[in-house]
Peer 1: 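Okay, here's the structure, questions in a sec.
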Amino acid sequence: PRCLTPHIQNSRWKILAAALIVDTASGLSYAFSLYSADLAKRYQLTPAAIDGIGTAGNFGGNLIVHIGLLYTYKGPKAIMLLSLLVGTPAWLALYAAFTLVRLPYYALLAIGFLQGHAQAFSDCAIVPLMISLFPEHRGRVCGICKSLVGLSGALNVQLYLGAFQATPDAFNTSFLL
């Protein structure tokens, strides 16, 4: 657009590329079904308890009013930093829950909540920024960013299944389907 300086016009494509990479990682919260059975087995959780963890993640991903307020006053960089500061410990805690320690159920709920919340932080930073950088194409760019979040969950699941759970006989079919 004419209202943007040439420097911003060139850098906005770089920002979009970086945002798409972040969106690819943000979709990992949609992979809950990939590890929920193992979580239930390790902790002897009932289906209702597993649903509770999934619900905590959904609640964390939708309780976002304060994130919008923070975006208004601090901007996208601060929100992305908060996403990193919330998401990284949550995913590391999930790893620890599987490999190092046995956590109580309320801690598993908190991990689910924080994972969902981290995705909400990154989403609330990326979407308004893309709208401001691409005002004439805001619908397209938001559609690309939002769809990549959902698609990345499916892509990450397929990569995981193909790399870690495929048998030599089933590799060609399970990985590609």
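Nothing here was measured: the structure is a model prediction, and the numbers come from that model. Just so it is clear, the values below take in all heavy atoms, side chains as well, and ignore hydrogens, waters and symmetry mates.
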Peer 1: Give a yes or no on whether Arg140 atom CZ has more than 12 heavy-atom contacts from other residues, nucleotides or ligands under 6.0 Å away.
Peer 2: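 It does not: Arg140 CZ has 12 such atoms or fewer within range.
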Peer 1: Considering residues at least two apart in sequence or located in another chain, which fulfil the side chain to side chain contact (heavy atoms under 4.5 Å, CB included) criterion with Cys145?
Peer 2: Leu16, Leu20, Asp23, Ile126, Met130
Peer 1: Could you state whether Leu81 and Leu129 fall into the same hydrophobic cluster, counting links through intermediate Ile, Leu, Val, Met, Phe, Trp or Tyr residues with side-chain heavy atoms under 4.5 angstrom apart?
Peer 2: no
Peer 1: Between OG of Ser83 and CD of Gln119, what distance do you get to the nearest 0.5 Å?
Peer 2: 9.0 Å
Peer 1: For Asn156, which residues count as a side chain to side chain donor-acceptor pair (under 3.5 Å) partner, sequence neighbours excluded?
Peer 2: none
Peer 1: Can you list the residues that meet the ring-ring contact (aromatic ring centres under 6.0 Å, His included) rule with Tyr35, with sequence neighbours excluded?
Peer 2: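 Testing Tyr35 for ring-ring contact (aromatic ring centres under 6.0 Å, His included), a comparison that skips the adjacent residues, returns Phe32.
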Peer 1: Nearest 0.5 Å, please: how far is CG in Leu70 from CD1 in Ile79?
Peer 2: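 So the gap between those two atoms works out to 4.5 Å.
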Peer 1: Heavy-atom distance under 4.5 Å between the side chains of Ser36 and Ile53, does that happen here?
Peer 2: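 When only atoms from C-beta onward are counted, Ile53 and Ser36 do not touch, as no gap falls below 4.5 Å.
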Peer 1: Is Tyr106 isolated, or which residues cluster with it under the ILVMFWY side-chain rule of less than 4.5 Å, directly or via members?
Peer 2: none
Peer 1: Got a sec, which pairs hit side-chain hydrogen bond (donor to acceptor under 3.5 Å, both in side chains) with one end in residues 87-98, sequence neighbours left out?
Peer 2: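 Pairs touching residues 87-98 that pass the test: none.
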Peer 1: Does Ser122 have any side chain to side chain donor-acceptor pair (under 3.5 Å) partners at least two apart in sequence or in another chain, and if so, which?
Peer 2: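 Here the qualifying residues are Ser26.
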Peer 1: Would you name the heavy atoms of Cys142 and Ile131 that are closest together and state the gap between them?
Peer 2: SG-CG1, 3.3 Å
Peer 1: Report yes or no: do Val157 and Leu155 belong to one cluster of Ile/Leu/Val/Met/Phe/Trp/Tyr joined by side chain heavy-atom distances under 4.5 Å?
Peer 2: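 Val157 and Leu155: separate clusters.
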Peer 1: Hey, is OH on Tyr105 packed in by over 12 heavy atoms from elsewhere, all under 6.0 Å?
Peer 2: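 Yes, the 6.0 Å shell around OH holds more than 12 heavy atoms from other groups.
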Peer 1: How would you list, by chain and number, every residue that makes a side chain to side chain contact (heavy atoms under 4.5 Å, CB included) with Ala96, sequence neighbours excluded?
Peer 2: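 For Ala96 the side chain to side chain contact (heavy atoms under 4.5 Å, CB included) partners, ignoring immediate neighbours, are Leu100, Val101.
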Peer 1: Hydrophobic clusters here meaning ILVMFWY residues chained together by side-chain heavy-atom distances under 4.5 Å, can you tell me if Ile144 and Ile15 are in one?
Peer 2: yes
Peer 1: Which residues pass the side chain to side chain contact (heavy atoms under 4.5 Å, CB included) test with Pro47, not counting sequence neighbours?
Peer 2: none
Peer 1: Mind checking the OG1-CG spacing from Thr99 to Leu94? Nearest 0.5 Å is all I need.
Peer 2: 9.0 Å
Peer 1: Answer yes if Met80 and Leu28 sit in the same cluster of Ile, Leu, Val, Met, Phe, Trp and Tyr residues linked by side chain heavy atoms under 4.5 Å apart, and no otherwise.
Peer 2: no
Peer 1: Please evaluate residues Phe134 and Arg12 with respect to the criterion side-chain contact (heavy atoms from CB on, under 4.5 Å), reporting the C-alpha separation (whole Å), side-chain torsions for both, the decisive distance (0.1 Å), and the verdict.
Peer 2: CA-CA 8 Å; Phe134 295 91; Arg12 70 182 182 159; 3.6 Å; yes
Peer 1: Evaluate Leu85 against Phe121 for side-chain contact (heavy atoms from CB on, under 4.5 Å), listing each step before the verdict.
Peer 2: CA-CA 10 Å; Leu85 293 175; Phe121 270 106; over 6 Å; no
Peer 1: Quick one: side chain to side chain contact (heavy atoms under 4.5 Å, CB included) partners of Tyr43, sequence neighbours excluded?
Peer 2: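 Side chain to side chain contact (heavy atoms under 4.5 Å, CB included) list for Tyr43, sorted by chain: Leu39, Leu45, Ala97, Arg102, Leu103, Leu108.
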Peer 1: Calculate, to the nearest 0.5 Å, the distance between atoms CD1 and CG belonging to Ile67 and Leu82 respectively.
Peer 2: 8.5 Å
Peer 1: Applying salt bridge (Lys or Arg N to Asp or Glu O under 4.0 Å) as the test, list every pair that has at least one member in residues 116-131; sequence neighbours left out.
Peer 2: Asp123-Lys146
Peer 1: Flag yes if Val22 and Val127 sit in one hydrophobic cluster, no otherwise; membership is Ile, Leu, Val, Met, Phe, Trp, Tyr, and two members link when side-chain heavy atoms are under 4.5 Å apart.
Peer 2: no
Peer 1: Suppose the criterion is side-chain hydrogen bond (donor to acceptor under 3.5 Å, both in side chains): which pairs have a residue in residues 56-80, not counting sequence neighbours?
Peer 2: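 As it turns out, the side-chain hydrogen bond (donor to acceptor under 3.5 Å, both in side chains) pairs with a partner in residues 56-80, which skip direct neighbours, are His66-His117.
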Peer 1: Any donor-acceptor pair under 3.5 Å linking the side chain of Ser11 with the backbone of Lys14?
Peer 2: no
Peer 1: Going by side-chain heavy atoms closer than 4.5 Å, which hydrophobic residues are tied to Tyr30, directly or by a chain of links?
Peer 2: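 Joined to Tyr30, directly or through intermediates: Val149.
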